Amino acid sequence: MPLVDLFTFTRAELTSPVQVVGGRWVVSDHDDVRAVLADPVTYLPDNALTAVTPVAPSALRALVRARFSLPPTLANNGSSSHAGLRRLVASFFTPARVAAAEPRIRALVAERLGGTDLVRDLAWDLPAIVLMELLGLENVDIPTLKRWSTGSLEFFWGDVTRERQMELVDDVGDFHQWLVKRYHARDGELFCALADAGVSAEDSAGLCYFLLIAGQETTTQLLSTALRRALQDRALWARLPEPGVAESFVEDVLRTETPVVTWRRLTAREVVLSGVRVPAGAELVLLLSGKETDPRHLAFGYGRHFCLGAGLARLEAAVTLRTVATHEPSLHLTGPDPEWLQLLSFRAPRSVTVAR
Ligand code: HEM
């Protein structure tokens, strides 16, 4: 039997609903995954942001020097402080605030038409710009933010060598230090809100580190996958300007090819999933990408930690698809198959090259 690789596996390669891969327990049955996410007491979120490849001592020393830390705040927080922090962050992404961003998203897409690589020229920076505006953070150098956030994704979720960890570790540390500095300077609405709520500098930096990555890298990935898939189907591309078509296509992409392909939990005690006994302290890798035939999906998780940006990500993707398809009906894919970003929890094409 071919070896299943943690960083590239697909549902089709799995032979059992609970399968050990590289020392982790991959859980792929929809009902199991949902039950796990619904019970944060038995299935702790503590490992959500733990480095998949253990951090080597030299990189660890660099992180200590940079005073890097990721205390439990949102995704990795099973404690009672989660609810308050979640409420604070949710106030920036209310349905009304998200809906009000639509004209701005459309304008940003329109400014980015005409390029030859829809990832580099459109999907790359748009979600980051929208996120900074929603969080009230001004004067953020977007290329630097993207370097920090893509480097951080690879550092924490990638199959990285020691050498690669050392290449990436400064981006991880610099990003964190910048967040601490902005907190102390109360530079931006988000940092003011955190300071006013009495959140410490360390917790604020940990929370923002995750939020500023999750809030835009995942959407860059969704836009990339959705644009590529839409361009593979001429009939769909022609229908995307019609009301509701982009929205239902986005749901289809989330169901079958979501960018956040897995998410992790830790068992607090021995459990049985699909008849398989899993010990206490086991790291579960939950498959969030669904089956072609199953209309349900868990792309944004479920329960207490349900994604706070689901509405924003859906809106950005639908508006982007509709706007590009309306302005560029003859756009088509060109060139060889793209390289893919392949991390434990994140998958997307790195380029979508087009001609018109
Ligand atoms: C396609 C885009 C996105 C996908 C697929 C996605 C997916 C996810 C998933 C799977 C989780 C874990 C849920 C769980 O444990 O049950 C999560 C949590 C989270 N996401 Fe997203 N996300 C996306 C975009 C965003 C955006 C745009 C934001 C910005 C607001 C965001 C903010 C968060 C936050 C703050 C959490 C942690 C919530 C908590 O622990 O209470 N995400 N997301």
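Counting convention: from 1, in listed order, for ligands and their atoms alike. From a predicted model like this one, the values you see are computed outputs, not experimental measurements.
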Check: So which of Phe306, Tyr302, Phe210 gets nearest to atom 37 (C) of ligand 1, if we judge by its closest heavy atom?
Finding: Phe210
Checklist line | Side chain, backbone, both or neither: the part of Leu298 lying under 4.0 Å from ligand 1 by heavy atom | finding: neither
Margin query: Looking at every heavy atom in both Leu344 and Val52, which two are closest together, and how far apart are they?
Written below: CD2-CG2, 3.6 Å
Next item on the list: Could you check atom 13 (C) of ligand 1 against the protein and tell me its nearest heavy-atom contact, residue, atom and distance included?
Entry: His305 O, 3.2 Å
Note to self: Glu242: which residues meet the side chain to side chain donor-acceptor pair (under 3.5 Å) condition with it, sequence neighbours left out?
What the structure shows: none
Next item on the list: Using a cut-off of 6.0 Å, state whether more than 12 heavy atoms not belonging to Glu339 lie near its atom CD.
Entry: no
Notebook entry, point to check: At their closest point, which heavy atom of Leu284 faces which heavy atom of Val36, and how far apart are they?
Noted result: CD1-CG1, 4.1 Å
Check: Can you list every pair that meets ring pair (Phe, Tyr, Trp, His ring centres under 6.0 Å) and has a residue in residues 15-65, with sequence neighbours left out?
Finding: none
Next item on the list: Could you grab the protein N, O or S atoms closer than 2.8 Å to atom 21 (Fe) of ligand 1 for me?
Entry: Cys307 SG
Notebook entry, point to check: For Gln216 and ligand 1, does the shortest N/O to N/O distance drop below 3.5 Å?
Noted result: no
Next item on the list: Name all pairs fulfilling the side chain to side chain donor-acceptor pair (under 3.5 Å) condition that reach into residues 90-107, sequence neighbours left out, sorted by first residue then second.
Entry: Arg104-Glu133
Notebook entry, point to check: Would you say Thr219 contacts ligand 1, with heavy atoms under 4.0 Å as the rule?
Noted result: yes
